[in-house]
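Encoded as structure tokens, the structure appears first; notes follow it.
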Amino acid sequence: MTDMLRHACHAIATAIAPGPGAAEAETPLDPSGGDRAPEGLVVDELERVGSPTVLSSLAVGRLVCGDERQLLVLKHCLSASMEYVGDRVSWPASPTVLRNAFFVLDACLKCSKAGTDLEIASAVLRDGFMHAPETENVLRSCFGRDAYAGATEEVVRAVWDRWSAPGRKGFAVTFCPAPAQAERQEVSDVDGGEVLARDIEQYERCSQQLRDLCSWLAAGGRDSRKVASQVVVLHKVLFKAFVLDSVVQTTMGREIPQGVWDKHARCQRAFHEVLREVETLRFSDTPSMAKKKQMSFRAVLGEIKNFIAAEDVALGGVKYWKDKYMAERETRRETHEQLQQMRGNIRVLCRIRPLADAASEEAAATMPMPGLIRLRSCQKNRRTLDFEYNCCFAGDATQEEIFREISPLIMSFADGYNACIFAYGQTGSGKTFTMQGPKANPGVAPMALRLLFDQAKRSEEAGTEKWIEVSFLEVYNETVRDLLSPSPSKLLDICTLGPHQLGPNADRVPGLTKKHVASVGDVESLIAVGSRNRATTAHSMNEHSSRSHAVLSVRYFDVEGGETHAPVLHLVDLAGSERIAKSEVKGIHLKEAQAINKSLSALGDVIASLQQRQKHVPYRNSKLTQLLQDSLAGNSKVMMVCNISPEESSVSETASSLNFAKRANQVEAGQAKKVTVAGRA
Ligand SMILES: Nc1ncnc2c1ncn2[C@@H]1O[C@H](COP(=O)(O)OP(=O)(O)OP(=O)(O)O)[C@@H](O)[C@H]1O
């Protein structure tokens with residue numbers, strides 16, 4: 001065993017088996033460490049050991065121990081070594097990493113045991129040792145050092161020749177030992193304090209790593225289930241570099257210079273190239289793969305979020321990181337959407353109502369960044385709770401912005417799929433405002449119908465026949481009332497058949513009035529009539545509190561190619577849950593409040609059993625769940641609008657609504673199918 005190897009093994013033993021006596025260990029490496037997948041091992045060690053010297057020594061140790069699965073280990077160790085060489089090891093003043101990296105190559109070439117090592121070395125040279133400014137610098141330096149004479153020099157020359165082979169794009173340099181001195185000087189200057197120059201090198205290195213990943217994917221990595229973890233690792237490297245940068249800039253009290261912004265943009269582009277590459281490899285074809293990818297994003301986003309939270313990255317860094325977070329979040333959001341569609345999840349949209357009295361109170365529910373709702377506790381310890389959703393709106397969001405998020409669902413309904421949108425939330429949180437809205441500022445229902453009429457008009461111009469029917473009912477004190485009937489107090493029954501037993505032509509509520517509507521004006525007048533008939537009352541928390549759950553159902557008939565599609569859209573404005581002690585209701589209103597809370601709790605039980613995929617789902621426990629069972633049991637695209645109040649006095653109700661929304665979002669109802677009926681219902 002050479003001195004160099006003894007030194008390497010000693011370092012490995014110290015790093016891998018810390019503890020009494022470890023430092024004196026003479027045995028180089030426990031080969032059983034190789035039981036894990038090579039990539040995992042390197043990544044783990046990189047995280048845990050965190051020392052480039054030890055890491056490159058690890059490569060040496062593994063090589064000499066004759067581990068059969070060395071190719072990937074070598075590749076990773078080499079790239080890790082290069083990373084550190086290019087990053088912050090001031091070579092050639094810190095030659096250990098370099099020496100070890102080349103020792104690996106050298107040993108591979110020299111040692112011809114059964115040809116394996118030679119093959120590995122050739123493979124590393126052929127595929128693994130990619131051209132990058134840093135590796136080029138390393139090679140250049142080797143020519144100028146006596147220590148790398150002999151076999152290593154041959155390796156270096158082999159790599160060089162491969163890089164400079166005719167036809168190789170972007171590599172027009174011819175080797176000459178002299179520039180090595182100049183390069184060395186340049187790098188020393190970088191280490192001497194040229195932060196920006198170092199940064200550029202760092203970013204370019206990251207970009208190069210990303211490009212290498214692309215090559216790796218294209219060269220066969222596509223079969224590997226490790227692609228996701230590779231992306232995450234590189235992503236982390238990239239972001240750590242960015243954060244370091246921001247911290248340095250910020251703590252130096254400087255503005256982030258334009259060059260750094262440009263680098264960020266470059267690296268981001270490189271990262272997106274990799275993502276596209278991953279896409280073209282159809283990595284997200286199956287739900288399980290899509291889920292993996294989504295988890296990768298989540299890991300990265302979590303990391304960024306932590307960085308943003310860190311006080312170090314105050315000032316200028318924060319803006320940068322917020323932008324970064326938003327860009328990444330958008331990518332993740334798209335993946336998440338795809339995944340949710342594949343699984344038929346109940347989608348969730350959260351909306352914070354504006355403060356009722358903004359002048360005298362500070363909001364306890366805020367949206368510090370897109371997709372994140374932060375709840376500040378009113379307790380003494382002032383804890384905060386974070387809730388993440390794909391789609392959140394702060395108090396200043398307009399009705400149009402909310403509808404923009406919902407309109408794809410309405411289009412899908414017009415395309416033949418059942419849909420259900422229900423507004424959930426504490427009393428006074430803005431459900432009716434969101435679903436119906438005042439005349440001058442219409443909400444989801446009027447806007448959805450306007451869109452449907454536009455759609456119907458366009459299709460009719462193209463020669464297909466459409467017509468729309470609406471019905472409007474309420475569930476009040478566990479009774480069903482027809483809000484469009486001339487005698488709205490007449491009670492109706494709900495069909496007791498199970499969710500999959502009811503035919504597409506059948507009505508869940510037989511005898512319910514259905515009105516054919518020809519224009520938005522028709523619908524608005526019907527909604528006005530129904531709303532007047534709806535039970536509302538005033539209590540301490542809302543002047544016009546709805547005391548019932550209201551369901552506006554729209555059936556959209558579409559005759560196309562001899563087939564009639566007649567999907568149903570339910571627009572549900574639930575009554576608000578309330579703490580009876582807080583709303584101070586008595587008598588009949590107390591009974592109403594109890595009925596509302598009971599039915600909402602039945603809805604909670606249904607959601608919980610759907611989420612846990614229980615065999616029995618207790619739809620029959622309330623009129624509300626009996627009515628919604630067709631939508632919740634699958635075959636319908638469902639969206640929940642979770643309305644929340646921002647006041648500090650509502651924090652516990654808000655937390656419970658947000659938790660409910662989380663559970664609802666986890667319900668996978670399965671993919672909805674187009675609804676076809678035999679004829680006009
Ligand atoms: N986004 C908003 N912008 C402006 N005002 C709003 C908004 N959301 C709600 N409000 C106002 O807050 C009050 C309560 O809203 P709303 O009646 O819609 O609540 P709710 O959740 O339907 O209550 P309940 O369950 O008691 O019926 C209303 O005066 C409404 O105009």
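One-based numbering, in listed order, for ligands and for the atoms of each. Worth saying up front: this structure is predicted, and the values here are computed from it rather than measured. No hydrogens, no waters, no symmetry mates; every other heavy atom, side chains included, goes into these values.
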Does a donor on one side chain and an acceptor on the other come within less than 3.5 Å for Glu478 and Ser599?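 No donor-acceptor contact under 3.5 Å links the two side chains.
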Just by distance, no angles: are the side chains of Ser412 and Lys637 close enough, under 3.5 Å, to form a donor-acceptor pair?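 The criterion, which ignores hydrogens and geometry beyond distance, is satisfied for Lys637 and Ser412.
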Quick one: does any side-chain atom of Ser548 pair with a main-chain N or O of Tyr476 as donor and acceptor, under 3.5 Å?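 Not confirmed, Ser548 side chain does not pair with Tyr476 backbone.
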Quick check: Thr432 and ligand 1, any N/O pair under 3.5 Å apart?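 The answer is yes, given that Thr432 and ligand 1 share an N or O pair closer than 3.5 Å.
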Does Phe433 reach ligand 1 with a nitrogen or oxygen that is under 3.5 Å from one of the ligand's nitrogen or oxygen atoms?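 Between Phe433 and ligand 1, an N or O pair is found under 3.5 Å apart.
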Using a heavy-atom cut-off of under 4.0 Å, does the side chain or the backbone of [X] touch ligand 1, or both, or neither?
X: Arg353; answer: side chain
X: Pro354; answer: side chain
X: Arg351; answer: side chain

Glu388 bridged to Arg374 by N-O distance under 4.0 Å: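 No.
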Does Asp573 come within less than 4.0 Å of Lys431, counting only side-chain N to carboxylate O?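 A salt bridge is absent here (no side-chain N lies under 4.0 Å from a carboxylate O).
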Below 4.0 Å from ligand 1: does a non-hydrogen atom of Gly425 turn up there or not?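 For ligand 1, residue contact (heavy atoms, under 4.0 Å) with Gly425 is absent.
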Using heavy atoms and a 4.0 Å limit, tell me yes or no: is Gln426 in contact with ligand 1?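 Gln426: in contact with ligand 1 (<4.0 Å).
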Pairwise side-chain contact, Leu603 with Leu624, heavy-atom cut-off 4.5 Å (strictly under):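 SC-SC contact between Leu603 and Leu624 confirmed.
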Please state which option from Gly395, Gly430, Ala575 has its nearest heavy atom closest to atom 15 (O) of ligand 1.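 Of the listed residues, Gly430 has the closest heavy atom.
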In terms of atom number and element, which parts of ligand 1 are under 4.0 angstrom from non-hydrogen atoms of Gly576?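 Those qualifying, in numeric order: 25 (O).
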Below 30° counts as parallel, above 60° as perpendicular, anything between as tilted: where do the rings of Trp467 and Phe557 land?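 Ring orientation, 0 to 90° scale: parallel.
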